[in-house]
Amino acid sequence: MHSPEPAPGHLDLYAKRKAVFPKAVDGRFRRFKWLVMVVTLAIYYGTPWLRWDRGPYAPDQAVLLDLGNRRFFMFGIEIWPHEFYFVAGLLIMAGIGLFLVTSAVGRAWCGYSCPQTVWTDLFQHVDRFIDGDRNAQLRLEAAPWGPQKIFKRGLKWTIYLVISFWTGGAWIMYFADAPTLTREFWAGDAAPVAYATVAVLTATTFLLGGFMREQVCVYMCPWPRIQTAMLDEKSLIVTYKDWRGEPRGSVKKAEKNPGAVGDCVDCNQCVNVCPTGYDIRNGPDIQCITCALCIDACDSVMQQIGRPRGLIDYATLEDCEIERAGGQPKPIMKALFHTRTLVYLGVWGAIGLALLFALGVRTQIDVSVQKDRNPPFMLMSDGEIRNAYTVKLRNMQTRPRPMQVTLEGLPGGVMWTDEMAREKAAREIRVTVAPDQVEVMRVYVVAPSDTTPQSFSFALKATDAEGGGDTSEARFDAPEE
């Protein structure tokens, strides 16, 4: 039996993927894409191996997400859990940075720096190395399975797997000392979560970069939808100048009928080099990731046939209308820095400056106090009133710091800790806090019998040459008169 034909007007909600085999191309945008790929991959794979001397008490890995000790090290900066606002600020800057890039040059993030784009581009170079360029890949795809095809597919997928495994392995190095974790990993002594993470990232990189590719950009990723909504007639995007290219015709046809055909010779080179297989001549679309490889391909063809470059070009829709009417488009710098782009840039810069200011004025030591609530106070046998507190002294530096805690206010009050005898109670306590640690002390404060409920403070002061200090207010409870 034959399946019934779809009714007129039927919309098929599923379309089988058509494999994309991009053709190699050379040009300024392809060279820039090479540069971005090399730099981003070098940063990703190499950063965990960079060293940074923080002294004998702190890790020497330049960038480290130390989840066990709840620390984030980035070169000379150390972020503590209570300073998460720095991380939040960086995430906000990253988001606004994407808005800024989109406002200025459209989906350039997708075309050059997105991890999916970078790894897909890398895998496509593997395809060309093993299978050849576009035409050879098409022939191999159509060929029946045989020894040559099995060998090439096996070799190519093995290289995919090695790259994917290397990618997953590099990721876990950000969360522990890279040399140590590498030895433990291959010796079988690493934590189970390390092996699980590498397995998951290997599988996802192998699948998404090796086989799904443009489907991730077109169907799975939400960012293109957001970016598309942010574009307007003032945004620079890759554009086909149809008033110049249409109607399409061959070079011979143009020679026979001068002025009757446009500059586009319908060679399809712009489609052949596109990583998503999209025809930019159909106009802006979510399938266009703005990598501009079609510009390189078209410019090369225009040069060969002796016609002006720029049939496909970076341009704003506003300038396209001006150029269509015979006018002169705005200079590229003016198109880049229009009002919305400047607003994004201003907000992005303000957040960055605020984070730098907060980083510059933050203290390297601090004190926090929590009072016991039950009982709020105790009456001693000699009539004195005692309150109990948990005092935390934080040393955010990579060396031990001698500190002094002093009572401010509370006349007649003295204090001692669990490590001191009651007879040694005084208005101040001296302690050395280990590097990158929080010293937790149980502190007891007593005051004369006639003391009333009042506020006072614990004052912290570093007694070394660097100095510094902090203050935390507390409440002293006593019987009401």
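Below, each value reflects all heavy atoms present in this structure, side chains not excepted, and no hydrogens, waters or symmetry copies.
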Spell out, as yes or no, whether a donor-acceptor pair under 3.5 Å connects the side chain of [X] to the backbone of [Y].
| X | Y | result |
| --- | --- | --- |
| Ser457 | Ala459 | no |
| Ser300 | Cys298 | no |
| Thr204 | Leu201 | yes |
| Ser164 | Phe206 | yes |
| Lys234 | His338 | no |
| Ser113 | Trp109 | no |
| Thr47 | Ile43 | yes |
| Asp285 | Cys288 | no |
| Arg401 | Pro435 | no |
| Asp470 | Leu460 | no |

Shortest non-hydrogen contact from [X] to [Y]?
| X | Y | answer |
| --- | --- | --- |
| Ile280 | Cys294 | CG2-SG, 4.2 Å |
| Gln61 | Met173 | NE2-O, 2.9 Å |
| Cys264 | Tyr240 | CB-OH, 3.6 Å |
| Thr432 | Pro400 | CG2-CB, 4.1 Å |
| Ile79 | Ile77 | CD1-CG2, 3.7 Å |
| Pro275 | Pro22 | CA-CG, 3.9 Å |

Salt bridge Asp242-Arg324, side-chain N to carboxylate O under 4.0 Å: yes
Check ion pair Asp131-Arg139 (N to O, under 4.0 angstrom): no
ring-ring contact (aromatic ring centres under 6.0 Å, His included) assessment of Phe86 paired with Phe72: CA-CA 11 Å; Phe86 283 113; Phe72 175 31; over 10 Å; no
When you check the side-chain N and O atoms of [X] and [Y], is any donor under 3.5 Å from an acceptor?
| X | Y | answer |
| --- | --- | --- |
| Arg213 | Thr276 | no |
| Glu466 | Gln397 | yes |
| Asp127 | Tyr160 | yes |
| Ser368 | Ser472 | no |
| Gln124 | Arg128 | no |

Look at atom [atom1] of [X] and say whether more than 12 heavy atoms of other residues, nucleotides or ligands are closer to it than 6.0 Å.
| X | atom1 | answer |
| --- | --- | --- |
| Lys156 | NZ | yes |
| Tyr57 | OH | no |
| Glu473 | CD | no |
| Lys253 | NZ | no |
| Gln364 | CD | yes |
| Phe129 | CZ | no |
| Trp348 | CH2 | no |

Distance flag, aromatic centroids of Tyr44 and Trp119, threshold under 6.0 Å: yes
Tyr45 and Trp49 aromatic centres sub-6.0 Å: no
If you define the side chain from C-beta out and look only at heavy atoms, does anything of [X] sit under 4.5 Å from [Y]?
| X | Y | value |
| --- | --- | --- |
| Arg362 | Met396 | yes |
| Arg309 | Ile295 | no |
| Val118 | Met37 | yes |
| Lys23 | Gln137 | no |

Can you measure from [atom1] ([X]) to [atom2] ([Y]) and round to the nearest 0.5 angstrom?
| X | Y | atom1 | atom2 | value |
| --- | --- | --- | --- | --- |
| Gln269 | Asn272 | CD | CG | 5.0 Å |
| Phe32 | Cys291 | CZ | SG | 12.5 Å |
| Leu161 | Thr205 | CG | OG1 | 10.5 Å |
| Leu181 | Tyr174 | CG | OH | 13.5 Å |
| Lys241 | Cys320 | NZ | SG | 6.5 Å |
| Thr117 | Glu214 | OG1 | CD | 11.5 Å |

Plane angle bin for Phe165 and Phe185 - parallel if under 30°, tilted between 30 and 60°, otherwise perpendicular: tilted
Steps toward side chain to side chain donor-acceptor pair (under 3.5 Å) verdict (Ser235, Arg340): CA-CA 10 Å; Ser235 301; Arg340 188 177 61 180; 3.1 Å; yes
Stepwise side chain to side chain donor-acceptor pair (under 3.5 Å) check, Thr341 with Ser103: CA-CA 6 Å; Thr341 302; Ser103 175; 2.8 Å; yes
Arg399 vs Asp464, salt bridge (charged side-chain N to carboxylate O under 4.0 Å, His left out): CA-CA, chis, key distance, verdict: CA-CA 11 Å; Arg399 58 184 177 83; Asp464 56 10; 3.2 Å; yes
Intermediate values then yes/no, salt bridge (charged side-chain N to carboxylate O under 4.0 Å, His left out), Glu141 and Arg153: CA-CA 10 Å; Glu141 178 74 8; Arg153 286 291 187 265; 3.1 Å; yes
Ring-face cation contact, Trp80 with Arg71, 6.0 Å cut, 45° max: yes
Stepwise side chain to side chain donor-acceptor pair (under 3.5 Å) test for Thr363 and Asp366: CA-CA 7 Å; Thr363 59; Asp366 63 49; 4.9 Å; no
Identified side-chain contact (heavy atoms from CB on, under 4.5 Å) partner of Phe29 from the options Val238, Thr290, Asp296: Asp296
Positive for salt bridge (charged side-chain N to carboxylate O under 4.0 Å, His left out) with Asp263, one of Arg244, Arg281, Arg248: Arg244
Salt bridge (charged side-chain N to carboxylate O under 4.0 Å, His left out) evaluation trace for Arg51 with Asp60: CA-CA 5 Å; Arg51 302 293 99 183; Asp60 65 350; 3.1 Å; yes
Residues Lys392, Glu439; criterion salt bridge (charged side-chain N to carboxylate O under 4.0 Å, His left out); working and verdict: CA-CA 6 Å; Lys392 297 181 179 179; Glu439 182 76 20; over 6 Å; no
